[in-house]
> 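Just passing along the structure, written as structure tokens.
Atoms within each ligand, like the ligands themselves, are counted from 1 in listed order.
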Amino acid sequence: MSEVGDSGLSVYERLIGEDRVSGRLYTDPAVFEREMERIHHRGWMFVGHESEVAEPGEFVTRRLGRQPVLLTRDDTGVVRLWSNRCPHRGATVCALDQGQTRFFRCPYHAWTFDNAGALVALPGEEGFGPTFDRDMHGLAPVPRMDTYRGFVFGSWSHEGQTLLEHLGDARNLIDRACDVSPVGEISLRAGWLRHRIGANWKMAAENVCDFYHPPITHGSSGLMGGVPPGYFSDAYGGLTRDLGGGHGEVDYRHTEGGSQTGLGPHGFIFPNLFIEASSIFVIQPVSVGEMTHLQTPITWVGLPEEMQRPQSRRFAMAFGAAGVIEPDDAATWERMQLGLQAGEPEWVMLERGVQFDDTREGRALDEIVMRGFWRHYRSLMTDKAAVR
Ligand code: FES
Ligand code: FE
């Protein structure tokens, strides 16, 4: 893909219009490679939550972009984020999703690291000569890690926006999710559902604030009975809001049915975190046509059991392989991926509610958040300042 097209506009300015984007953005491996570098390597991404590693020695493994990482709490209680890559010859030092340990032992030549990342043992050390320095061969930290109210984010870039700058107005989504708890704290220790889905990661990102599809895609699920009649309509009064920076939300707090679909907010934090009322979703890109989708229910610390339980039930009913919601979405994204292989017609349309773009807020079924996502995406892919 050349950087500049015939028109003098960058390729991405031609492929991303105000109310439409080219289907090629979901299918072209060159686009995916650039996303990994410009978005998933340079920017901030959600990794996990401090509560997942509440005890010393606890760890979870994740992907940060495509790269494997290891989130640990060391024996002194400090949360750390490492490249899950042996400094010797590159094998992942931990193959488990989660656990608790004092040491990580590489399976290839048994270099062994403590949970603070230090190389503490290796066989045949004398063979490396007198200048070999263990201190130079510890696990490599991810260049930047920061947390906001227990949400852990990482970035492969040594410089750039601070986490708070990146979160911007989307901080409010995390605040509202935490403040359901009487002590302002959530816990994510129920374990994660993981689904490998044959679709581009951006389809899951765009779907977060797509309230146009639920009565259709999920019409047969029976879950529609759990929301008031007409909930997914323009007339009901729900709002959708572009929060800038690629973030966005759908907001029903002010409506009559506002409290019936879950206790927390419903919003997307660019590029990989979805706070879905009473659960957390994470999008991990795998390749241009494949992603892993992770989901876990939120436990609110100190919330009475009778308020927590219906939310846990809702999660169990909706998500997972036997859920009535998630498989509908995943199957639809895979159909989109298949359909877009056709190449023609070129455009994917995102024009619903375009008349409200100046205010960044429209009716719940409008595609305002998607357009905000793409404006931010375009700015990152072209290195030009964001439009807003
Ligand atoms: Fe890890 Fe050799 S690759 S010890
Ligand atoms: Fe859906």
> Taking Arg352 as the fixed residue, which of Asp210, Asp357, Asp234 is the one that meets the salt bridge (Lys or Arg N to Asp or Glu O under 4.0 Å) rule?
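Considering Asp210, Asp357, Asp234, a salt bridge (Lys or Arg N to Asp or Glu O under 4.0 Å) with Arg352 is found only for Asp234.
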
> Closer than 4.0 angstrom, basic N to acidic O: yes or no for Lys202 and Glu206?
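Here Lys202 does not pair with Glu206 in a salt bridge, since their nearest N and O are not under 4.0 Å apart.
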
> Consider only side-chain N and O atoms of Asp329 and His213, and report whether a donor and an acceptor are under 3.5 Å apart.
yes

> State plainly whether the residues Arg196 and Glu290 are in salt-bridge range, i.e. N to O under 4.0 Å.
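Result for this pair is yes, salt bridge flagged.
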
> Which residues and atoms, counting only protein N, O or S, are under 2.8 Å from the Fe ion (ligand 2)?
His213 NE2, His218 NE2, Asp329 OD1, Asp329 OD2

> For Glu35 and Tyr377, which I'm curious about, is there any donor-acceptor pair between the side chains at under 3.5 Å?
yes

> So does Asp28 pair up with Arg34, basic N to acidic O under 4.0 Å?
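Salt bridge: no.
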
> Sort by chain and number the protein N/O/S atoms found under 2.8 Å from atom 1 (Fe) of ligand 1.
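Sorted hits: Cys86 SG, Cys106 SG.
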
> Hey, what's the ring geometry for Phe46 with Phe153, parallel, tilted or perpendicular (30° and 60° as the breaks)?
perpendicular

> Are the charged groups of Arg134 and Glu125 less than 4.0 angstrom apart, N to O?
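Salt bridge flag = yes for Glu125 with Arg134.
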
> What about the rings of Phe274 and Phe268, do their centers lie closer together than 6.0 Å?
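Aromatic pair excluded; centres sit 6.0 Å or further apart.
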
